[in-house]
2 protein chains.
Amino acid sequence: MNIGKAAEASGVSAKMIRYYEAVDLIPAPVRTQSGYRDYSDRDVHTLRFIQRARSLGFTVEQMRNLLSLWQDRHRASADVRKVAMQHIVDLERKIDELQQMRNTLAHLADHCQNDGRPDCPILEELARAPCAGS
Amino acid sequence: MNIGKAAEASGVSAKMIRYYEAVDLIPAPVRTQSGYRDYSDRDVHTLRFIQRARSLGFTVEQMRNLLSLWQDRHRASADVRKVAMQHIVDLERKIDELQQMRNTLAHLADHCQNDGRPDCPILEELARAPCAGS
DNA sequence: GATAAACCTTGCCACTGTGTCAAGGTCAAG
DNA sequence: CTTGACCTTGACACAGTGGCAAGGTTTATC
């Protein structure tokens, strides 16, 4: 199966398949006589695994970890869970950050006249000089 | 004021100040005879504005917009609010995405035995073949 | 069998935003 | 005047992804 078919079957773009190969996340596949990459169903299965992990926000490095656990028949489920839990912590930190931004902005937007006049608390906040007294 | 002082005074690193200049977010400052960038208090004020906008997650492109509104005495507050509201929508979309990832993962981790055995619903989910019936 | 369309190959550039490092010039304090 | 702290430019890196270009291949159509 050439890269186009593998991309379609796995949901990972051809471009990204080549990228994952370049960063050694997946092994280089065999090549046809004319140099085309040739993927097996097993390869596509792996790509689908990667696609799912990406959609859950795992980084390439985390996927490296997950893939080796996946391929290790003697893994401990606790090890997998540890990777997942760490990622959950990362996600939660990120969510918190974004929510703080959102809340601050929503608060400012709430106090904006929202009309043709130039006075705007949003810009005022951004331009505010940091002063010792506040 | 040279770039180091301006960085310290504004909270934007020297590196990023040069970057913002390179992408035309801020104008190139005057130079001393020896070629050092020379910033005014006004420049630092602008940098502080940028620093605050960045901390609220605005992109460089959005800041370009905000800066020109800020510097336009005849702006309409509604225009500023529109930029902010769009960013809020973007933030909320991102938050939703991350929360979905988090929830999926938390659910999977919850069902993980978390022991030395290899069976793990997290890996099983990632490896699951997509089938018409589910 | 020829030709055209659709695909593959590699390689390079772009983006965001930030860090680091190097080689060389400059300034300030001792 | 020397030393150390700073400035300058330039380059490379990161994560992932998109795009383009020039060239080879395969497939389908005539």
Side-chain angles (χ1 to χ4, degrees), chain A residues 1-26 28-40 43-44 47 49-67 86-87 90-91 93-94 97-98 101, chain B residues 1-26 28-40 43-44 47 49-67 86-87 90-91 93-94 97-98 101:
Chain A
M1 180 176 354
N2 69 24
I3 201 170
K5 302 285 180 191
E8 201 181 348
S10 65
V12 179
S13 73
K15 181 77 185 179
M16 292 315 296
I17 295 177
R18 293 193 199 100
Y19 172 70
Y20 293 143
E21 178 186 329
V23 299
D24 286 318
L25 184 62
I26 56 177
V30 295
R31 301 280 186 137
T32 64
Q33 283 190 328
S34 53
Y36 284 20
R37 288 173 180 81
D38 191 23
Y39 297 95
S40 66
D43 292 332
V44 170
L47 286 169
F49 181 98
I50 289 171
Q51 197 275 324
R52 291 239 166 72
R54 276 302 297 149
S55 77
L56 287 174
F58 285 102
T59 65
V60 170
E61 284 319 303
Q62 286 171 315
M63 290 196 294
R64 221 183 279 284
N65 208 334
L66 287 174
L67 276 171
Q86 180 56 57
H87 186 37
D90 293 347
L91 285 171
R93 196 166 32 71
K94 194 79 193 165
E97 275 177 28
L98 295 183
M101 292 179 191
Chain B
M1 183 177 350
N2 69 24
I3 201 170
K5 303 283 180 193
E8 200 180 348
S10 66
V12 179
S13 73
K15 176 73 186 181
M16 292 314 297
I17 295 177
R18 294 193 198 100
Y19 173 70
Y20 293 143
E21 178 186 330
V23 299
D24 285 318
L25 184 62
I26 55 177
V30 295
R31 300 280 185 136
T32 65
Q33 285 190 328
S34 53
Y36 284 19
R37 289 173 180 80
D38 191 24
Y39 296 95
S40 67
D43 294 331
V44 170
L47 287 169
F49 181 99
I50 289 170
Q51 197 275 323
R52 291 240 168 70
R54 276 301 298 150
S55 77
L56 286 175
F58 284 103
T59 65
V60 170
E61 285 318 304
Q62 286 172 315
M63 290 197 293
R64 221 183 279 284
N65 209 334
L66 287 173
L67 276 171
Q86 180 57 57
H87 186 38
D90 293 347
L91 285 171
R93 198 168 30 72
K94 194 80 194 163
E97 275 176 29
L98 296 183
M101 291 180 192

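Just so we're on the same page: letters track the sequence lines, and every chain starts at 1.
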Nearest whole angstrom, please: distance from the P of C:dT16 to the NZ of B:Lys94. 16 Å
What are the two closest heavy atoms between B:Leu25 and B:Met63, and how far apart are they? CD2-CE, 3.8 Å
Students often get this wrong, so: under 4.0 angstrom with heavy atoms, is B:Arg54 touching a base, only sugar-phosphate, or nothing? sugar-phosphate
Between P of D:dT9 and CG of B:Asn2, the distance in whole Å: 13 Å
Minimum heavy-atom distance between A:Val12 and A:Gln51, given as atom pair plus value: CG2-CB, 3.6 Å
So which nucleotide from C:dC7, C:dT10, D:dT17 ends up closest to the side chain of A:Tyr19? D:dT17
Given C:dG17, D:dT8, D:dT17, the nucleotide with the shortest approach to the side chain of B:Thr59: C:dG17
So if I take every side-chain heavy atom of A:Ile3 and compare against C:dC8, D:dT9, C:dG17, which nucleotide ends up nearest? C:dC8
What's the closest nucleotide to the B:Ser13 side chain, out of C:dC7, C:dG19, D:dG16? C:dG19
Residue whose nearest DNA chain C nucleotide is more 5′ - A:Tyr39 or B:Met16: A:Tyr39
All heavy atoms of A:Ile17 vs all of A:Tyr39, minimum pair found to be CG2-OH, 3.2 Å
Considering just the side-chain nitrogens and oxygens of A:Ser34, establish if one lies under 4.0 Å of OP1 or OP2 belonging to D:dT26. yes
Using a 4.0 Å heavy-atom cut-off, does A:Thr32 contact any base of the nucleic acid, only the sugar-phosphate backbone, or nothing at all? nothing
Report the distance from atom CE of A:Met1 to atom P of C:dC7, rounded to the nearest whole Å. 16 Å
Which is true for B:Arg37 with a 4.0 Å heavy-atom rule: it touches a base, it touches only sugar-phosphate, or it touches nothing? sugar-phosphate
Euclidean distance, atom CD of residue B:Glu8 to atom C1' of D:dC7 [Å, nearest integer]: 15 Å
Would you kindly give the OH-to-C1' distance between B:Tyr20 and C:dT18, to the nearest whole Å? 9 Å
Return the minimal non-hydrogen interatomic distance between A:Ile3 and A:Ala14, and the atom names on each side. CD1-O, 3.6 Å
N/O (side chain, B:Arg31) to phosphate O (OP1/OP2, D:dT9) under 4.0 Å: yes
Tell me which of A:Ala14 and B:Gln33 sits closer to the 5' end of DNA chain C, going by the nucleotide each one is nearest to. A:Ala14
Classify B:Val60 by what it touches in the nucleic acid, base, sugar-phosphate, or nothing, heavy-atom distance under 4.0 Å. sugar-phosphate
Rounded to whole angstrom units, what separation is found between the CD atom of A:Gln51 and the C1' atom of D:dG16? 14 Å
Which nucleotide in the list C:dT26, D:dG16, D:dG24 gets nearest to the side chain of B:Tyr36? C:dT26
Any donor and acceptor pair, going by atom type alone, linking the side chain of A:Asp38 with main-chain N or O of A:Thr32 inside 3.5 Å? no
Length of the line joining A:Ile17:CD1 and D:dT17:P, which is rounded to integer Å: 12 Å
Proximal nucleotide (of D:dT9, C:dT9, D:dG16) relative to the A:Arg18 side chain: C:dT9
Return the value, rounded to whole Å, for the distance between atom NZ of A:Lys15 and atom C1' of C:dC7. 16 Å
Among side-chain atoms of B:Glu61 and B:Asn65, is any donor-acceptor pair under 3.5 angstrom? no
